[in-house]
Amino acid sequence: MPELPEAERARALIADRALGRRITGVEDGDSYVCRPHAPGELAGALLGRRLTSANRIGKMLWLETDGAGPDLGLHLGMAGRIAIDEPPHALWDRFVLTFADGGRLALRDKRRLGRAVLAPDLARLGPDAALATRAEFRARVGRGGGAIKARLMDQGVIAGVGNLLADEILWQARIDPRRAANDLSEAELDALRRAVRAAIRHAIRNGGAHSGALIAHRERDGRCPRCGAPLSRARIGGRTTYWCPDEQRTAGD
DNA sequence: AGCATTGTTTCACA
DNA sequence: TTGTGAAACAATGC
């Protein structure tokens, strides 16, 4: 499920339900999810502490604790979610904090591409996709000769946009995903930024990146929700991409 | 059986 | 230097 909207929901859930509770147990035995840490390393850093804040840039979450310990970074990967005070799932709870009050916070992940890591490296992320200023967005997203869709999904450029959101955003902005990033006019980049913000807001409100209008149609009837034209499909930026060949502009204004 | 997948990283290659 | 495609990672669903 996870793109920025899902990560934001997870952050809000943690902020609402997990802060202030004392950590009395840490299950960090999944050495793939907790890589590069050895089993027990996260426990050593977290036991006895309380979570004091839940933060996010793009898809990356990090939790601060009281005392001087490192932050706890959490990433939902391809299929993860945060489960708080839910009955344990023996198979899919890949990393778990248990609290003094008997409750628990689990990184529940069917696949195992989620991550729990100490002192996450945030320096490699661009500004959060919903917070980038207009000037930042123009400068960062509008650079380079690669496809605009690949640019939008590059977490080092702006953080938070994944495959579904990228298709939805470009469809909303009526821009062809194959356009070179540096071919977009400033007006188009500004429109793109507005579409990014709108799509994220909409997805957070409506339950996730899955709630986009284009997404619902892409494999349902394969037609553009606005004009009914058959959607095009191709691999762009390494991911399957859908767009409307009639409405999404191939060339600048 | 085979293929695809809301993510990230690394590597070969142009 | 920049960009791209593929593979690896893991596990599930169609």
Side-chain angles (χ1 to χ4, degrees), chain A residues 1-11 29-37 56-62 73-82 89-95 107-117 120-126 128-130 140-172 177-184 196 199-200 202-220 222 233-243:
Chain A
M1 318 200 29
E3 292 188 37
L4 187 154
E6 289 80 0
E8 172 53 24
R9 292 198 137 201
R11 188 208 61 77
D30 188 320
S31 56
Y32 186 73
V33 168
C34 298
R35 70 191 181 285
H37 302 295
R56 180 188 60 75
I57 293 179
K59 307 170 191 175
M60 175 65 70
L61 306 174
W62 75 96
L74 294 174
H75 195 291
L76 302 176
M78 186 88 88
R81 70 180 185 88
I82 297 299
H89 192 292
L91 222 51
W92 296 340
D93 287 350
R94 312 290 185 177
F95 173 79
L107 171 58
R108 185 162 298 177
D109 185 9
K110 256 178 218 209
R111 320 276 202 268
R112 256 165 87 207
L113 296 171
R115 280 192 88 166
V117 62
D121 178 16
L122 306 173
R124 301 167 59 189
L125 294 175
D128 187 85
R140 302 178 75 95
V141 178
R143 181 146 45 105
I148 184 60
K149 177 175 178 183
R151 196 77 187 153
L152 278 177
M153 290 193 301
D154 185 335
Q155 304 301 299
V157 175
I158 53 169
V161 177
N163 192 37
L164 265 42
L165 220 37
D167 280 3
E168 180 73 16
I169 287 162
L170 289 162
W171 176 76
Q172 293 285 2
R178 300 166 296 182
R179 289 272 296 283
N182 61 14
D183 180 55
L184 270 62
V196 166
I200 288 171
H202 180 275
I204 290 174
R205 269 204 319 271
N206 293 281
H210 224 237
S211 61
L214 179 70
I215 307 313
H217 277 256
R218 54 177 223 182
E219 279 178 9
R220 166 176 292 249
R233 174 192 161 139
R235 214 156 172 82
I236 300 172
R239 314 302 301 278
T240 301
T241 302
Y242 294 83
W243 75 97

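The sequence lines fix the lettering, A, B, ..., with proteins before strands; numbering per chain opens at 1.
- For the P atoms, the distance from C:dA6 to B:dC3 is 14 Å, rounded to whole Å.
- Counting heavy atoms from C-beta outward, A:Val141 and A:Ile148 have side chains that approach closer than 4.5 Å.
- Residue A:His75 places no side-chain N or O under 4.0 Å from the OP1 or OP2 atom of B:dG7.
- Backbone-only contact: A:Gly144 has heavy atoms under 4.0 Å from sugar-phosphate atoms and none from a base.
- Distance check, rounded to the nearest 0.5 Å: CZ of A:Arg143 to CZ of A:Arg151 gives 5.5 Å.
- Within 4.0 Å (heavy atoms only), A:Arg235 reaches sugar-phosphate atoms of the nucleic acid but no base atom.
- Between A:Arg9 and A:Glu6 there is no salt bridge, since no side-chain N of the basic residue sits under 4.0 Å from a carboxylate O of the acidic one.
- Within 4.0 Å of A:Gly146, counting heavy atoms only, lie sugar-phosphate atoms of the nucleic acid but no base atom.
- For A:Arg124, a side-chain nitrogen or oxygen approaches OP1 or OP2 of B:dT9 to under 4.0 Å.
- A:Arg143 comes within 4.0 angstrom of nothing in the nucleic acid, heavy atoms only.
- Between the base of C:dA11 and the side chain of A:Arg111 there is a donor-acceptor pair shorter than 3.5 Å.
- At whole-Å resolution of the value, CZ in A:Arg218 and C1' in C:dC14 are 14 Å apart.
- From A:Arg178, atom CZ reaches atom CD1 of A:Ile236 across 6.0 Å, with rounding to the nearest 0.5 Å.
- The nearest whole Å value for the distance from the CG atom in A:Asp167 to the P atom in B:dT5 is 11 Å.
- In this structure the side chain of A:Leu214 never reaches within 4.5 angstrom of the side chain of A:Leu170, judged on heavy atoms.
- Within the 4.0 Å cut-off from OP1 or OP2 of B:dT5, at least one side-chain nitrogen or oxygen of A:Thr240 is found.
- Which of B:dG7, B:dT10, C:dA11 sits closest to the side chain of A:Leu113 comes down to B:dG7.
- Taking side-chain N and O atoms only, A:Trp92 has no distance below 4.0 Å to OP1 or OP2 of C:dA11.
- Here the side chain of A:Lys110 is nearest to one of C:dG13, B:dT8, B:dT5, namely C:dG13.
- Using C1' as the reference atom, C:dT1 and B:dT8 are 22 Å apart when rounded to the nearest Å.
- Looking at heavy-atom distances under 4.0 Å, A:Ala147 makes contact with sugar-phosphate atoms alone, never a base.
- If you check every strand for non-hydrogen atoms under 4.0 Å, A:Gly145 touches sugar and phosphate atoms only.
- Rounded to a whole Å, the CG atom of A:Leu125 is 14 Å from the C1' atom of B:dT9.
- Looking at which nucleotide of DNA chain B each of A:Met153 and A:Tyr242 is closest to, the 5′-most match is held by A:Tyr242.
- Look at C:dG3: its Watson-Crick or wobble partner, with both distances under 3.5 angstrom, is B:dC13.
- With the nearest nucleotide of DNA chain C identified for both A:Leu91 and A:Arg35, A:Arg35 has the one nearer the 5' end.
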